[in-house]
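Below, chains carry the letters A, B, ... as their sequence lines are ordered, and counting in each starts from 1.
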Protein chains: 2
Amino acid sequence: MRLLPHPATADIELTEVLRALADPVRLEIVVRLSVAGELNCTVAGDDLGVHKSTASHHYRTLREAGVLLTKQMGRLKYMSLRRDDLESRFPGLLDSILAAALTQPSAPAATQDQPDAPARLDLDPAGAARADAHAQP
Amino acid sequence: MRLLPHPATADIELTEVLRALADPVRLEIVVRLSVAGELNCTVAGDDLGVHKSTASHHYRTLREAGVLLTKQMGRLKYMSLRRDDLESRFPGLLDSILAAALTQPSAPAATQDQPDAPARLDLDPAGAARADAHAQP
DNA sequence: GCAAATGTTGGATGCCCATCAAACTGACTT
DNA sequence: AAGTCAGTTTGATGGGCATCCAACATTTGC
């Protein structure tokens, strides 16, 4: 298990964080991470409506802005929000943005394929896999 | 006195607000408005380091995102933050961003002309003018 | 070793945007 | 009416960015 390079908490800049979260796709990724806690790239980017390389680009943007933390475990990379770091640097910021995003959900493009889908967020299938992955890297 | 067109509170979108505030110049404008309450374009754009037409473009962006409100009084236009509207739409969002921006001040470009300047925000001179302007339009 | 799975990287493309300069509009002043 | 002030609009320009596709790197499994 190894961590990818991230900016130090003190180096996180407000405008970079805001710019990172101002993109609907990236905001959706952050919302998913806030719900699931930790996701690998495939699950986090599922049904986002963008190519996987585009999603990878967004992960990089979010990581370099200091919003999320990425650790590699075997062939998978798990991402999680830097909640504590962001809270200490910009108190209340992430929470208010997440709360706002949850009251104003952005429809992922792929959701249009099934207009009658009851719920828009379907992250549970990854839960078991995550738990397993953490047990024995 | 007449108001310029603004989006309704319910139409304010989170990503638009974040995108509007993700620019250092626009964030500085918002910070100034949060301190002064109300400013005309000339004062709000003073020492920002950008051309006045660029500043005007930023005012438009902020207004169309629903961040600020503009009313014309005679030959001047006064801008103010839509604090209540934003608070009701995205509770805590603006306050946390303003608090973060105040702890991490962005240096306006023109400040470099006077490196020994004691304070970076000099908005009081407009205070009297504002009060006068409101008395008798 | 070979193949599959998981992401990343490297063009390529097209769009959006921040910026400036100049011209313009609207309102007040003389 | 002419001039001035405050701000906007209209190109023009340059840079950044979101996106895709294809190729690559790395790890795991047979």
Measure from the side chain of [X], starting at C-beta and using heavy atoms only, and say which of [options] lies closest.
| X | options | result |
| --- | --- | --- |
| Y59(A) | dT19(C), dT8(C), dG7(C) | dT8(C) |
| D23(B) | dA18(C), dG7(D), dT19(D) | dA18(C) |
| H58(A) | dT19(C), dA18(D), dG7(D) | dA18(D) |

Which whole-number value in Å describes the distance from [X] [atom1] to [N] [atom2]?
| X | N | atom1 | atom2 | result |
| --- | --- | --- | --- | --- |
| L68(A) | dG7(C) | CG | C1' | 15 Å |
| L48(A) | dA18(D) | CG | C1' | 13 Å |
| L4(B) | dT25(C) | CG | P | 18 Å |
| L62(B) | dA18(C) | CG | P | 10 Å |
| L21(B) | dA18(C) | CG | P | 12 Å |
| R26(B) | dT19(C) | CZ | C1' | 12 Å |
| R60(B) | dC16(C) | CZ | P | 15 Å |
| Q72(B) | dA27(C) | CD | P | 7 Å |

Under 4.0 angstrom between [X] side-chain N/O and [N] OP1 or OP2:
| X | N | answer |
| --- | --- | --- |
| S56(B) | dT8(D) | yes |
| N40(A) | dT6(C) | no |
| H51(A) | dA18(D) | no |
| R75(A) | dA4(C) | no |
| R19(B) | dC16(C) | no |

If you take atom types as modelled and just measure distance, does the side chain of [X] reach the base of [N] with a donor-acceptor pair under 3.5 Å?
| X | N | result |
| --- | --- | --- |
| T42(A) | dA5(C) | no |
| S53(A) | dC21(D) | yes |
| K77(B) | dG7(D) | no |

Exercise for the section: Can you spot which of E64(A), H58(A), H57(A) makes a side-chain hydrogen bond (donor to acceptor under 3.5 Å, both in side chains) with R60(A)? Expected result: E64(A)
Handout entry: Donor-acceptor under 3.5 Å (R82(A) side chain, L68(A) main chain)
Key = no
Problem - Within 6.0 angstrom of D11(A) CG, more than 12 heavy atoms from elsewhere - result: yes
Handout entry: salt_bridge(D95(B), R83(B)) N-O dist < 4.0 Å
Key = yes
Handout entry: E38(B)/R32(B) ion pair, N-O < 4.0 Å
Key = no
Practice task
Quick one: label H57(B) by what it contacts on the DNA or RNA (base, sugar-phosphate, nothing), any heavy atom closer than 4.0 Å.
Solution key: base
